[in-house]
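What follows is one structure encoded as structure tokens, with my remarks underneath.
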Amino acid sequence: MVSLELEQAQRDLPLLAEKALHGEDVFIAVGSQTLRLSRASEQAAGETLGPRGGRGAWRGRVTVADAFYEPWTDEEMGETEA
């Protein structure tokens with residue numbers, strides 16, 4: 001088990017990542033709270049980020065029709081007189 005302060009963890013991150021990948025527990029103190037660095041399962045990693053996670057992940061996969069930006073009519077808003 002490795003336990004250290006945030007400042008030291010920032011300097012030693014590559015080494016800490018290697019230890020976590022090999023199953024060792026790595027704990028990082030951040031003020032009065034503690035973080036745990038560990039390897040994510042393949043399934044969990046795929047669920048959180050997917051093959052292209054993050055900002056812009058849907059770029060090139062979704063097309064928005066120009067009509068989407070047109071204002072709604074009163075009828076579409078449900079404001080028609082009966």
Side-chain angles (χ1 to χ4, degrees):
M1 178 178 79
V2 177
S3 182
L4 60 160
E5 296 289 324
L6 180 61
E7 292 78 21
Q8 186 177 353
Q10 289 174 322
R11 290 189 301 268
D12 299 337
L13 186 58
L15 175 65
L16 298 173
E18 196 64 33
K19 289 180 180 280
L21 286 172
H22 287 94
E24 191 168 344
D25 289 327
V26 178
F27 295 95
I28 303 170
V30 181
S32 62
Q33 298 186 14
T34 303
L35 303 173
R36 185 172 116 196
L37 182 64
S38 63
R39 180 178 182 184
S41 68
E42 294 290 328
Q43 181 181 6
E47 289 173 1
T48 56
L49 296 178
R52 257 185 82 191
R55 292 182 70 182
W58 287 94
R59 186 172 297 147
R61 297 182 182 188
V62 174
T63 304
V64 178
D66 290 336
F68 176 81
Y69 299 101
E70 297 293 323
W72 285 7
T73 64
D74 288 342
E75 184 178 314
E76 291 171 322
M77 294 290 291
E79 297 179 4
T80 57
E81 293 182 24

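From a predicted model like this one, the values you see are computed outputs, not experimental measurements. For this chain, numbers begin at 1 and follow the sequence in order.
Through direct or indirect side-chain contacts shorter than 4.5 Å among Ile, Leu, Val, Met, Phe, Trp and Tyr, Leu16 is connected to Val2, Leu4, Leu6, Val26, Ile28, Val30, Leu35, Leu37.
With values rounded to the nearest 0.5 angstrom, Ser3 atom OG is found 13.0 Å from Arg36 atom CZ.
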Using distance only, find each side-chain donor-acceptor pair of residues 17-25 under 3.5 Å and give its atom names and separation, not counting sequence neighbours.
unit_1: Glu18; atom_1: OE2; unit_2: His22; atom_2: ND1; d: 3.4
unit_1: His22; atom_1: ND1; unit_2: Glu18; atom_2: O; d: 2.8

N/O donor to acceptor pairs below 3.5 angstrom from side-chain atoms of residues 63-71, sequence neighbours left out:
none

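Every side chain to side chain contact (heavy atoms under 4.5 Å, CB included) that Thr73 has, sequence neighbours left out, goes to Glu75, Glu76.
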